J.: 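Dropping the structure in here first, questions after.
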8 protein chains.
Amino acid sequence: MTDPQLSTTDPQTAPAQQRTMGGDPVVGIIMGSASDMPAMEKAGKVLAEAEVAYEIEVMSAHRDPALVTEYCLSARSRGLKVIIAGAGLAAALPGVAAAHTDLPVIGVPLSSSLSAAGGLDAILSIVQMPPGVPVATVGLDNTRNAAHLAVRILGVS
Amino acid sequence: MTDPQLSTTDPQTAPAQQRTMGGDPVVGIIMGSASDMPAMEKAGKVLAEAEVAYEIEVMSAHRDPALVTEYCLSARSRGLKVIIAGAGLAAALPGVAAAHTDLPVIGVPLSSSLSAAGGLDAILSIVQMPPGVPVATVGLDNTRNAAHLAVRILGVS
Amino acid sequence: MTDPQLSTTDPQTAPAQQRTMGGDPVVGIIMGSASDMPAMEKAGKVLAEAEVAYEIEVMSAHRDPALVTEYCLSARSRGLKVIIAGAGLAAALPGVAAAHTDLPVIGVPLSSSLSAAGGLDAILSIVQMPPGVPVATVGLDNTRNAAHLAVRILGVS
Amino acid sequence: MTDPQLSTTDPQTAPAQQRTMGGDPVVGIIMGSASDMPAMEKAGKVLAEAEVAYEIEVMSAHRDPALVTEYCLSARSRGLKVIIAGAGLAAALPGVAAAHTDLPVIGVPLSSSLSAAGGLDAILSIVQMPPGVPVATVGLDNTRNAAHLAVRILGVS
Amino acid sequence: MTDPQLSTTDPQTAPAQQRTMGGDPVVGIIMGSASDMPAMEKAGKVLAEAEVAYEIEVMSAHRDPALVTEYCLSARSRGLKVIIAGAGLAAALPGVAAAHTDLPVIGVPLSSSLSAAGGLDAILSIVQMPPGVPVATVGLDNTRNAAHLAVRILGVS
Amino acid sequence: MTDPQLSTTDPQTAPAQQRTMGGDPVVGIIMGSASDMPAMEKAGKVLAEAEVAYEIEVMSAHRDPALVTEYCLSARSRGLKVIIAGAGLAAALPGVAAAHTDLPVIGVPLSSSLSAAGGLDAILSIVQMPPGVPVATVGLDNTRNAAHLAVRILGVS
Amino acid sequence: MTDPQLSTTDPQTAPAQQRTMGGDPVVGIIMGSASDMPAMEKAGKVLAEAEVAYEIEVMSAHRDPALVTEYCLSARSRGLKVIIAGAGLAAALPGVAAAHTDLPVIGVPLSSSLSAAGGLDAILSIVQMPPGVPVATVGLDNTRNAAHLAVRILGVS
Amino acid sequence: MTDPQLSTTDPQTAPAQQRTMGGDPVVGIIMGSASDMPAMEKAGKVLAEAEVAYEIEVMSAHRDPALVTEYCLSARSRGLKVIIAGAGLAAALPGVAAAHTDLPVIGVPLSSSLSAAGGLDAILSIVQMPPGVPVATVGLDNTRNAAHLAVRILGVS
């Protein structure tokens with residue numbers, strides 16, 4: 001459960017919003033709201049257990065679109081191999097990320113206090129991408145599976 | 001009903017994808033796929049009946065993100081006062097438009113051959129925007145109501 | 001969350017049900033039940049931060065239909081430019097308001113203890129308006145976005 | 001299936017929009033769109049078989065609100081004992097009718113080409129009335145059951 | 001909220017399961033489980049305020065089918081004019097009641113700890129009756145509206 | 001797809017409504033409407049291929065309740081070991097059957113022209129039985145699986 | 001409610017994960033997660049009351065596929081006559097069990113903290129089996145009905 | 001749209017059910033029914049355009065479980081790097097595949113004539129996997145996006 005009403009620019013929570021764990025990151029974890037951090041950190045924990053270095057940062061597709069664009073356009077050149085994007089409600093972040101990179105993007109639908117239809121809003125907003133721009137969607141609030149999927153993808157190389 | 005599998009860059013349909021009707025446009029109609037044009041033109045027809053000049057163009061939030069960004073960032077300076085954005089499936093276009101302009105953005109959920117849950121995918125992807133970035137959502141495939149709403153908004157000034 | 005079982009005519013809560021904030025109001029906030037007031041006041045707070053004067057009042061489309069009709073018929077002449085209407089369940093208030101004025105009407109679906117299908121009842125009752133009478137719908141319980149949308153609409157003039 | 005885009009004021013279909021069958025009517029059948037007439041006439045046929053006199057008329061809660069108000073306020077004094085109201089999408093007509101009369105109002109959710117979620121929009125818009133203003137709801141497109149219910153209610157006296 | 005797992009034959013709660021209020025009852029309130037009693041008693045309270053005599057009793061369409069059949073077959077001869085039936089889950093009681101009487105039957109969908117899809121199970125199980133056997137359905141857990149509807153129906157005579 | 005509006009008492013279709021196939025029947029196939037016969041006969045075909053004798057008959061829980069009661073109360077004594085009940089909409093037949101016999105009852109949700117929410121009405125009306133009276137539910141319109149399940153159950157002995 | 005994040009291999013809970021009750025078991029109760037044990041034990045309690053011997057064990061279709069395969073392939077030869085399988089989310093266990101045995105398999109959809117759409121995920125994942133491989137599905141979290149159904153099936157022989 | 005009732009063992013269609021395209025395959029496309037082949041071949045076409053060699057084969061998780069197990073257990077050693085699995089209804093194939101390999105598995109929900117709730121059955125059966133066994137889910141019937149996602153994943157190495 002996330003509180004989508006938290007500002008992403010709250011100076012007090014900002015220092016926690018961007019971190020790198022375990023060397024040069026190969027997975028980038030992004031999320032639409034600072035309130036999503038506790039849920040998304042579970043994905044980071046699974047990556048750490050698999051000794052996969054990652055970075056984690058808050059950026060909203062709707063409130064910080066330029067930041068998201070820049071982050072995704074530069075992702076491959078910065079060494080990232082997979083992006084995990086968590087978002088709730090009309091969850092555009094995973095799809096917007098996939099539109100700005102050709103890396104695999106994993107989308108995690110998140111529930112919140114404003115969710116409708118038992119979380120169908122976030123699930124359908126992420127999984128129903130138009131042909132040509134896929135997002136690898138995992139289950140509702142299932143941030144751990146996003147990390148497990150990233151580990152499988154990294155194992156392809 | 002739209003066919004989301006039509007390419008937006010098909011040279012044969014391209015000439016029809018950008019048009020201006022009735023003088024300096026104050027409403028911009030955009031849509032995610034060339035196949036949405038017949039549905040969205042109904043909005044144009046209502047605007048024309050109300051003697052509101054508009055432009056109409058195809059641009060996908062997922063396949064043409066830079067075009068959408070540029071279109072919306074420059075919308076106000078080009079004289080637009082309202083943007084109508086139609087999209088189906090994980091319909092990100094209205095929300096992405098609203099993220100790049102402070103003009104009112106009207107979102108129209110569109111059904112297609114790939115729709116799920118009787119069109120709930122597009123409705124929820126458009127209406128459930130996070131706090132701070134609103135989209136004025138109208139009913140499924142209800143392109144005419146998008147135009148009626150635009151006329152009401154233009155009547156405010 | 002609202003309690004739809006509260007009477008709108010309870011004399012103790014009545015004094016709080018009609019207020020004007022910040023000069024001649026240009027936005028009218030109405031809602032179907034006194035129990036919706038805490039949620040709808042968040043819209044008022046956003047308007048106040050944007051220095052937009054508003055009035056706020058409880059009136060039910062189903063229990064006070066004459067009041068709603070009179071309020072909306074006179075809205076433009078009283079100086080209102082936008083109406084924000086919040087309602088839950090079979091949420092008729094936004095649509096009924098739109099039927100009695102040509103001002104833009106913003107509808108906010110509200111959840112309550114009697115909601116069904118995770119709030120789909122209120123969302124679909126507001127967004128699925130018939131052609132000709134549009135309501136600008138925002139997300140479930142997303143009263144703040146209603147105010148943000150009103151500010152965008154007021155910025156058109 | 002109804003086409004909600006048909007105008008209710010089409011002069012060609014208008015003569016068919018108001019009829020009285022079988023003497024002084026005790027049941028009033030109303031509907032939101034002229035395109036609903038074929039579906040609603042099935043209710044009339046059941047009433048005729050039960051030798052119940054009825055009148056049938058098109059009036060939209062959203063496009064003809066004053067007409068609906070007048071119709072329902074005067075219903076009891078004109079001799080009506082039950083109102084059957086059919087509507088689709090954000091189907092406000094049954095609830096608005098129930099707000100303007102203390103007669104029993106039977107609501108029939110109707111599907112149309114603009115329906116969402118397999119008709120859940122109309123069902124939930126009619127059945128989920130707030131406490132104090134009930135609508136006796138029957139099944140989707142089940143106009144015959146509306147008439148059967150009216151016959152049962154008339155049998156109470 | 002009801003606990004559908006309570007036995008209807010618990011001797012301790014049995015004495016409360018059948019009561020008559022206010023003289024010769026004209027409304028019969030029945031429900032599928034003893035655990036529904038607190039919710040259904042709200043309907044009784046509304047009837048009492050309207051000075052309508054009623055009886056209230058627990059009987060399950062699935063566990064006590066013979067009792068339900070006998071109750072409904074004899075309802076009219078015992079002086080009842082309306083039956084209010086509340087049930088949850090695959091809520092068959094209102095429909096089964098309507099199959100055994102020609103009195104108007106009002107169905108109230110009830111939520112419980114075993115509900116699915118946000119109460120859609122009970123709503124659809126009650127409202128979607130086949131042609132010929134109507135149930136007048138009110139909103140989820142909206143027991144008060146069932147009583148308000150009964151009062152309207154009784155006012156027809 | 002069934003047409004629930006067909007009368008079960010149409011004399012022309014009546015001769016086809018009750019048949020016995022392959023000796024003393026051990027499976028009874030019942031359905032709510034004569035229009036369900038083509039769908040339910042697919043179950044019979046699977047049984048015949050497995051050399052299981054069956055009888056097949058139309059009886060509605062709502063329109064022929066006494067017939068259903070008698071059929072199920074006598075089922076075991078007549079040699080039946082399993083009942084397959086198909087129904088659509090507010091599909092009460094399987095549950096009512098299970099209430100009048102202790103044989104295993106298999107329920108098949110059927111879609112029809114009056115279905116809502118993509119067939120969720122029939123699925124939830126059959127699967128969500130209250131504790132104590134189970135129905136073995138198979139998939140929407142999946143009459144063949146009902147027969148396959150019956151064969152498995154018969155194989156237990 | 002189950003916590004699907006509990007490991008099935010936690011050594012502390014392991015001793016409780018496999019038990020046999022009441023002699024040579026004829027019913028096998030399996031579930032996808034150790035956290036489902038409290039819910040599934042209610043089925044065991046109903047069986048015990050009916051003096052039906054059972055075994056109960058945790059095995060996940062997705063995490064322990066070989067164990068599930070072996071369990072089901074050997075079920076008939078070990079004396080089992082019915083399998084009850086409970087699972088949540090994308091609940092594959094009942095269907096996978098039915099694919100590896102010709103015994104009747106009863107599926108129980110379970111809700112959890114990760115459920116979507118009010119438990120529709122588990123219901124639809126279990127009931128919508130493809131033709132040829134049926135699962136006898138009972139209601140959401142309705143483990144007691146699974147046992148009642150097993151007792152009915154055992155009574156066939 | 002697929003017809004789930006087609007047998008996978010029909011000798012006439014069998015020759016088309018297993019093919020290898022373009023050299024040593026790195027992507028394995030599997031599906032639950034021969035009737036899914038036309039839909040899944042669109043994925044193959046996208047892979048061919050990207051010069052990715054693939055094999056394509058029909059195997060049902062429910063009807064051919066041993067074949068699925070063997071296919072997935074040996075997938076990595078045979079040189080596959082990604083598995084695309086399409087299935088409808090209670091779509092277990094993608095999850096079962098993911099349970100038997102540590103390769104990334106992409107799941108495609110497919111609609112069919114037996115689908116419920118507008119395809120929500122297949123979407124939720126694939127996306128809602130339990131923690132530890134992820135499936136990368138794409139949109140309903142969106143076989144092309146499955147291939148686009150596979151190309152992105154292959155680009156990681």
Side-chain angles (χ1 to χ4, degrees), chain C residues 1-13 31-36 39 58-68 85-96 107-128 137 139-142, chain E residues 1-4 31 35-36 38-50 84 86-91 94 106-129 135-152:
Chain C
M1 293 277 293
T2 73
D3 178 351
Q5 308 210 27
L6 272 188
S7 166
T8 64
T9 57
D10 180 326
Q12 294 187 311
T13 59
M31 68 207 78
S33 164
S35 59
D36 299 331
V58 176
M59 61 185 74
S60 163
H62 293 120
R63 285 174 291 216
D64 315 304
L67 178 57
V68 174
L89 305 175
L93 183 62
V96 168
V108 194
L110 298 176
S111 64
S112 84
S113 61
L114 296 181
S115 292
L120 278 185
D121 50 358
I123 293 175
L124 295 174
S125 297
I126 294 178
V127 78
Q128 285 289 86
T137 310
L140 186 66
D141 292 323
N142 205 331
Chain E
M1 292 275 293
T2 74
D3 179 350
M31 69 207 78
S35 58
D36 299 331
M40 297 307 291
E41 280 179 333
K42 294 180 187 172
K45 188 179 170 195
V46 171
L47 291 177
E49 290 167 358
I84 295 175
L89 305 175
I106 300 171
V108 194
L110 298 176
S111 63
S112 84
S113 59
L114 295 180
S115 292
L120 278 186
D121 49 359
I123 292 175
L124 295 174
S125 297
I126 294 178
V127 78
Q128 285 289 86
M129 289 291 290
V135 169
T137 310
V138 297
L140 185 66
D141 292 323
N142 205 331
T143 47
R144 288 170 58 197
N145 258 6
H148 286 298
L149 180 57
V151 172
R152 288 189 179 217

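Nothing here was measured: the structure is a model prediction, and the numbers come from that model. Chain naming here is simple, since letters A, B, ... match the order of the sequence lines and numbering starts at 1 in each. Both backbone and side-chain heavy atoms feed into the values below; hydrogens, waters and symmetry mates do not.
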J.: Using every non-hydrogen atom in the two residues, find where E/Leu140 and C/Ser115 come nearest and quote the distance to one decimal.
T.: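 Result for this residue pair: CD2-O, 3.6 Å.
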J.: Among all residues two or more places apart in sequence or in another chain, which pass the side-chain contact (heavy atoms from CB on, under 4.5 Å) test with E/Thr143?
T.: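 In terms of side-chain contact (heavy atoms from CB on, under 4.5 Å), with neighbours along the sequence ignored, E/Thr143 is linked to E/Ala39, E/Met40, E/Lys42, E/Ala43, E/Val108, E/Leu110.
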J.: At what distance, to the nearest 0.5 angstrom, does CG of C/Asp121 lie from CD1 of E/Ile123?
T.: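 Rounded to the nearest 0.5 Å, the CG-CD1 separation comes to 7.5 Å.
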J.: Less than 4.5 Å to any heavy atom of chain C: does that hold for the side chain of E/Leu120, its backbone, both, or neither?
T.: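 It is the side chain, since no backbone atom gets that close.
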